[in-house]
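As the structure is a prediction and not an experimental result, all values here were calculated from the model.
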Amino acid sequence: MRVCLTVAYDGTNYHGWQLQPNGSTIESVLNQALSDLLGENIQVTGASRTDSGVHSLGNLAVFDTDTRIPAEKISYAINQRLPEDIVAQQSIEVPADFHPRHRKSKKTYEYRILNRRFQDPTRRKHVYFYHAPLNEQSMEEAAQYLCGEHDFKSFCSAHTAVETTVRTIYDIHVRREGDEVRIRVTGSGFLYNMVRIIAGTLLLAGSGKILPKDMERILEKKDRKAAGPTAPAHGLTMIGIEFLEEKEGI
């Protein structure tokens with residue numbers, strides 16, 4: 001049967017999702033724990049290959065198994081074998097042809113910025129500390145230029161190898177919650193470092209270094225150098241994935 005795990009993790013101690021020749025990754029830890037549990041060679045397929053230091057509340061890992069353990073029980077069993085910074089939130093059986101990266105979906109990410117005079121040591125691994133005042137209204141205004149379908153070449157790593165840099169952002173908002181400024185973005189998919197570059201560029205708008213309307217110009221340039229810096233990975237959390245069609249079983 002094919003099983004889909006919903007996985008939450010703190011990415012601080014990992015070299016991202018994807019297998020690496022040197023260094024522990026979320027994928028390698030899941031593979032080992034599932035193989036030990038099920039007595040098979042398990043290789044999971046992730047829905048999103050989050051970078052080193054990025055966190056998740058709802059990434060998906062799909063794998064095939066011959067186990068007789070009911071799919072919905074695997075999450076309980078695997079959590080006994082996982083480290084405390086990786087937790088399976090759910091496990092369900094899905095159709096044999098289900099592949100999380102081959103289906104239309106909405107992915108939601110949130111970038112958190114701690115905006116206060118001094119760092120908070122209890123949140124240092126999950127928010128990006130920015131001490132200068134930020135105008136979240138300017139950031140929100142700038143963000144709205146990114147809604148819709150655009151060529152986001154300015155907002156991806158210069159060496160990204162993809163067929164097209166056109167993506168669709170369905171929703172993006174900037175909100176202040178206490179001393180945190182949160183950028184939440186939902187899209188059809190994201191280019192390498194895209195959300196972190198968006199966050200870095202919105203920080204320029206929030207600090208008055210660019211005007212909100214400059215976002216339109218940055219998009220039109222289709223040049224990575226036109227956008228702002230790549231914000232640090234530890235402020236980013238993948239919130240979850242919503243599939244847009246064929247929702248049975250997931």
Is it the case that one hydrophobic cluster holds both L146 and V195, taking links as side-chain heavy atoms less than 4.5 Å apart, direct or via other members?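 Same cluster: L146 reaches V195 through Ile, Leu, Val, Met, Phe, Trp or Tyr contacts under 4.5 Å.
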
Supply the members, apart from I239, of the Ile/Leu/Val/Met/Phe/Trp/Tyr cluster built from side-chain contacts under 4.5 Å; use none for a lone residue.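 Grouped by the 4.5 Å side-chain rule, L57 form the rest of the cluster around I239.
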
For T65 and T67, work out which heavy atoms get closest and say how close.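 Shortest heavy-atom separation between T65 and T67 comes out as OG1-N, 3.0 Å.
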
Cationic N near anionic O, under 4.0 Å, R167 to D151: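 Looking at R167 and D151, the cut-off is not met.
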
I'd like to know if the side chain of S75 and the backbone of Q90 have a donor-acceptor N/O pair within less than 3.5 Å.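 Checked: no pair found.
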
Is there a side-chain contact between K106 and I241 (heavy atoms, below 4.5 Å)?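 When only atoms from C-beta onward are counted, I241 and K106 do not touch, as no gap falls below 4.5 Å.
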
Please check: side-chain N/O of R2 versus main-chain N/O of F98, any donor-acceptor pairing under 3.5 Å?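 Yes, the answer is positive, given that a donor and an acceptor are paired below the 3.5 Å cut-off.
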
Can H99 and D97 be said to form a side-chain hydrogen bond (donor to acceptor under 3.5 Å, both in side chains), step by step? CA-CA 6 Å; H99 192 297; D97 62 351; over 6 Å; no

Is there a continuous path of hydrophobic side-chain contacts, each under 4.5 Å between heavy atoms, that joins I113 to L204?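 Result: yes, single cluster for both.
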
Applying side-chain hydrogen bond (donor to acceptor under 3.5 Å, both in side chains) to N41 and Q43, what does each step give before you reach the verdict? CA-CA 7 Å; N41 180 23; Q43 302 291 320; 3.1 Å; yes

Check whether any side-chain N or O of D51 sits under 3.5 Å from a backbone N or O of V54 as a donor-acceptor pair, and report yes or no.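 Such a contact is absent between D51 side chain and V54 backbone.
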
Can you list every pair that meets ring-ring contact (aromatic ring centres under 6.0 Å, His included) and has a residue in residues 109-130, with sequence neighbours left out?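 Sorted pair list: H55-H126, Y109-F190.
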
Between V185 and T108, is the side chain to side chain contact (heavy atoms under 4.5 Å, CB included) condition met? List the steps. CA-CA 6 Å; V185 54; T108 299; over 6 Å; no

What heavy-atom pair brings S157 and I197 nearest, and what distance separates the two atoms?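 Smallest interatomic distance, heavy atoms only, reads N-CD1, 3.9 Å.
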
Hphob cluster co-occupancy, F243 + V62, side-chain heavy atoms under 4.5 angstrom: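 Yes, one cluster joins them.
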
Would I92 and T6 count as a side chain to side chain contact (heavy atoms under 4.5 Å, CB included) here? Give the steps. CA-CA 9 Å; I92 59 173; T6 301; over 6 Å; no

Pair I172-T186, side chain to side chain contact (heavy atoms under 4.5 Å, CB included): steps then yes or no: CA-CA 6 Å; I172 181 168; T186 299; over 6 Å; no

If you measure from CZ on R196 to NE2 on H234, what distance do you get to the nearest 0.5 Å?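 Rounded to the nearest 0.5 Å, the CZ-NE2 separation comes to 10.0 Å.
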
Can any side-chain N or O of S154 pair as donor or acceptor with the backbone N or O of K222 at less than 3.5 Å?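 Side chain of S154 to backbone of K222, a donor-acceptor pair under 3.5 Å: yes, one is there.
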
Give the minimum heavy-atom separation between Y170 and S188, together with the two atoms involved.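 Reported closest heavy-atom pair: CE1-N, 3.5 Å.
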
Passes side chain to side chain contact (heavy atoms under 4.5 Å, CB included), T165 versus C156? Steps please. CA-CA 8 Å; T165 49; C156 72; 4.2 Å; yes

Work out which heavy atom in L202 is nearest to a heavy atom in A143; give both atom names and the distance.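 Scanning both residues completely, I find the closest heavy atoms to be CD2-N, 3.7 Å.
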
Within this structure, what is the CD-CD distance for the pair E141 and E136, rounded to the nearest 0.5 Å?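 The distance works out to 13.0 Å.
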
To the nearest 0.5 angstrom, please state how far the CD atom of E220 sits from the OH atom of Y145.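 It comes to 11.0 Å.
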
Does D85 form a salt bridge (Lys or Arg N to Asp or Glu O under 4.0 Å) with K125? I'd like the steps, not just the answer. CA-CA 13 Å; D85 51 7; K125 295 180 180 179; over 6 Å; no

Between V127 and V174, is there shared hydrophobic-cluster membership here, with clusters defined by ILVMFWY side-chain heavy atoms closer than 4.5 Å?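 The answer is no; the residues belong to distinct hydrophobic clusters.
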
Under the side-chain contact (heavy atoms from CB on, under 4.5 Å) test, which residues partner R182, sequence neighbours left out?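 For R182, the residues satisfying side-chain contact (heavy atoms from CB on, under 4.5 Å) (neighbours in sequence not counted) are E110, R112, E177, E180.
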
Separation of Q89 CD from N79 CG (nearest 0.5 Å):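 So the CG of N79 and the CD of Q89 are separated by 7.5 Å.
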
Interatomic distance, I218 atom CD1 to F155 atom CZ [nearest 0.5 angstrom]: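 Going from CD1 on I218 over to CZ on F155, the span is 5.0 Å.
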
Residues that, via side-chain heavy atoms closer than 4.5 angstrom, fall in one hydrophobic cluster with V29: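 Members besides V29, by chain and number: M1, V3, L5, V7, Y9, Y14, W17, I26, L30, L34, L37, L38, I42, V44, F63, I69, I74, I78, L82, I86.
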
Let's go through E40 and S35 carefully: what are the C-alpha distance in whole Å and the side-chain angles of both, what is the deciding distance for side-chain hydrogen bond (donor to acceptor under 3.5 Å, both in side chains) to 0.1 Å, and is it a yes or a no? CA-CA 5 Å; E40 307 170 58; S35 296; over 6 Å; no

Can you check whether L211 reaches R217 side chain to side chain, under 4.5 Å on heavy atoms?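 They are not in side-chain contact.
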
Under the rule for side chain to side chain donor-acceptor pair (under 3.5 Å), what residues qualify as partners of S24, not counting sequence neighbours?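 In terms of side chain to side chain donor-acceptor pair (under 3.5 Å), with neighbours along the sequence ignored, S24 is linked to no residue.
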
Check: S48 main-chain N/O paired with N59 side-chain donor or acceptor under 3.5 Å: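 Yes; at least one donor-acceptor contact below 3.5 Å.
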
I'd like to know if the side chain of R124 pairs up with that of T12 as donor and acceptor (distance under 3.5 Å, no hydrogens or angles considered).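 Absent: no donor and acceptor within the cut-off.
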
List the residues meeting side chain to side chain donor-acceptor pair (under 3.5 Å) with Q137, not counting sequence neighbours, and say none if there are none.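 Partners of Q137 by the side chain to side chain donor-acceptor pair (under 3.5 Å) criterion come out as none, since no residue qualifies.
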
Exam field: side chain E27 to backbone L19, donor-acceptor pair closer than 3.5 Å: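 Judged by distance alone, yes, a pair lies under 3.5 Å.
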
Side chains of H150 and V166, heavy atoms from C-beta outward: is any pair under 4.5 Å?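 Not touching, per the 4.5 Å side-chain cut-off.
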
So, do D171 and C147 sit near enough that their side-chain heavy atoms are less than 4.5 Å apart?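 Not touching, per the 4.5 Å side-chain cut-off.
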
Measure across N115 and A132 and return the closest heavy-atom pair with its distance rounded to 0.1 Å.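 The pair with the smallest heavy-atom distance is ND2-O, 2.7 Å.
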
Tell me whether I198 shares a hydrophobic cluster with L134, the cluster being built from Ile, Leu, Val, Met, Phe, Trp, Tyr side chains joined at under 4.5 Å.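 Yes: a chain of side-chain contacts under 4.5 Å links I198 to L134.
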
Is it true that Q32 and D36 share a donor-acceptor pair across their side chains at a distance under 3.5 Å?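 Distance-only check passes for D36 and Q32.
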
A quick test of your reading: do over 12 heavy atoms of other residues, nucleotides or ligands sit less than 6.0 Å from NZ of K107?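 Yes, enclosed.
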
Between E140 and R175, does any NZ, NE, NH1 or NH2 come within less than 4.0 Å of an OD or OE carboxylate oxygen?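 Salt bridge: yes.
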
Can you measure from OG (S138) to NZ (K213) and round to the nearest 0.5 angstrom?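 The OG atom of S138 sits 12.5 Å away from the NZ atom of K213.
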
Between T25 (side chain) and Q20 (backbone), is there a donor-acceptor pair under 3.5 Å?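 Here the side-chain-to-backbone pair does not exist.
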
